[in-house]
Amino acid sequence: SLDGSASALITVTVVGTNDLPSIDGVVSGTVNEDGFSEIVEGGSLTAFGEITIDDVDLGESGIPEPVSVLGLYGSFELATDGTWVYTLDNELAALQSLRSGETVNDEIIIPTIDGSGATINIEVIGSDDESVIYGELSDTIIRQCEDSSAKGFVTVEDIDTGESGV
């Protein structure tokens, strides 16, 4: 009341909300099929980086334990100090069939303390695999005949998509 003769108890309830963490540092990397690239100088089967995870919510910052994640094309390891390494599984048929310069992405979701997750994106660049030539090789193919012709059967196979045939 205006004259101060009456009073009432008012209860205010504040409900918190989960704030998403911020991920800072190296959040992407590049690896190359077969460990080399015709497109990018150098090339490697591994990518490295370091991240920090900060969250304004109390007790939800950092990396409390090592993390191992199996991605589509390789494995990802994250240490508690924030350093990470991604290793390409170069034996996968899906990678060996990539053409030179063709790319695919491996999105690695790492857990965060608050459960929201963070993404590290790895770009995989294809390389040119050598063709294999085989078939019926006889004297008529190896040495020239009188009429300058040769007969036989030859097959060309290349693991890179669309690069087989004669």
Side-chain angles (χ1 to χ4, degrees), residues 16-137 141-142 150 152-166:
T17 184
N18 183 32
D19 296 297
L20 295 176
S22 66
I23 313 302
D24 295 310
V26 179
V27 295
S28 64
T30 301
V31 291
N32 302 92
E33 172 204 350
D34 295 333
F36 67 91
S37 173
E38 298 86 8
I39 308 299
V40 178
E41 186 175 327
S44 177
L45 294 174
T46 54
F48 303 91
E50 186 173 348
I51 60 169
T52 58
I53 300 176
D54 295 311
D55 195 322
V56 296
D57 294 326
L58 185 62
E60 294 184 357
S61 292
I63 304 160
E65 58 188 48
V67 175
S68 295
V69 177
L70 184 60
L72 291 174
Y73 306 111
S75 60
F76 179 87
E77 302 289 328
L78 175 64
T80 56
D81 66 357
T83 57
W84 61 262
V85 62
Y86 176 90
T87 305
L88 188 67
D89 183 354
N90 199 52
E91 301 302 314
L92 292 174
L95 296 177
Q96 290 301 315
S97 67
L98 292 175
R99 298 180 84 157
S100 178
E102 184 179 1
T103 62
V104 293
N105 290 308
D106 203 350
E107 288 188 351
I108 305 296
I109 308 297
I110 55 172
T112 56
I113 295 172
D114 74 350
S116 63
T119 301
I120 305 290
N121 186 54
I122 305 296
E123 180 183 49
V124 181
I125 301 174
S127 66
D128 188 20
D129 293 295
E130 292 184 11
S131 299
V132 177
I133 301 173
Y134 66 91
E136 179 186 310
L137 301 176
I141 292 177
I142 296 172
F153 173 76
V154 176
T155 301
V156 178
E157 286 189 1
D158 192 322
I159 197 166
D160 294 331
T161 302
E163 294 186 5
S164 292
V166 217

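Note that the coordinates shown come from a computational prediction; the quantities given were computed from them, not determined experimentally. For this chain, numbers begin at 1 and follow the sequence in order.
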Any side-chain hydrogen bond (donor to acceptor under 3.5 Å, both in side chains) pairs touching residues 46-66, not counting sequence neighbours?
->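 Every side-chain hydrogen bond (donor to acceptor under 3.5 Å, both in side chains) pair that includes a residue of residues 46-66, provided the two are not neighbours, is S44-T46.
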Contact list for residues 18-27, test side-chain hydrogen bond (donor to acceptor under 3.5 Å, both in side chains), sequence neighbours left out =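 For residues 18-27: N18-D114.
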Tell me, please, which residues at least two apart from N105 pass side chain to side chain contact (heavy atoms under 4.5 Å, CB included).
->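 Scan of N105 (side chain to side chain contact (heavy atoms under 4.5 Å, CB included), adjacent residues dropped) gives N121, E123.
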Any residue meeting side chain to side chain contact (heavy atoms under 4.5 Å, CB included) with I51, in chain and number order, not counting sequence neighbours =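 I23, V27, I53, I63, L78, W84, I110, I120.
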Side-chain (Q96) to main-chain (N90) donor-acceptor, under 3.5 angstrom |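 Answer holds: yes.
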Determine yes or no for a side-chain-to-main-chain donor-acceptor pair under 3.5 angstrom, with S100 supplying the side chain and S127 the backbone.
->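 Such a contact is absent between S100 side chain and S127 backbone.
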What heavy-atom pair brings [X] and [Y] nearest, and what distance separates the two atoms?
{"X": "F48", "Y": "V26", "result": "O-CG1, 4.1 Å"}
{"X": "I113", "Y": "G59", "result": "CG2-O, 3.7 Å"}
{"X": "G29", "Y": "A47", "result": "CA-CB, 4.2 Å"}

Within this structure, what is the [atom1]-[atom2] distance for the pair [X] and [Y], rounded to the nearest 0.5 Å?
{"X": "D34", "Y": "I125", "atom1": "CG", "atom2": "CD1", "value": "13.0 Å"}
{"X": "E33", "Y": "D128", "atom1": "CD", "atom2": "CG", "value": "9.0 Å"}
{"X": "I122", "Y": "T30", "atom1": "CD1", "atom2": "OG1", "value": "7.5 Å"}

Could you pull out every donor-acceptor pair under 3.5 Å between side chains of residues 68-77 and any protein atom, sequence neighbours left out?
unit_1, atom_1, unit_2, atom_2, d
S68, OG, E77, OE1, 2.6
S68, OG, E77, OE2, 3.3

side-chain hydrogen bond (donor to acceptor under 3.5 Å, both in side chains) against T83, all qualifying residues, sequence neighbours excluded =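 With neighbours one apart ignored, the set is D81.
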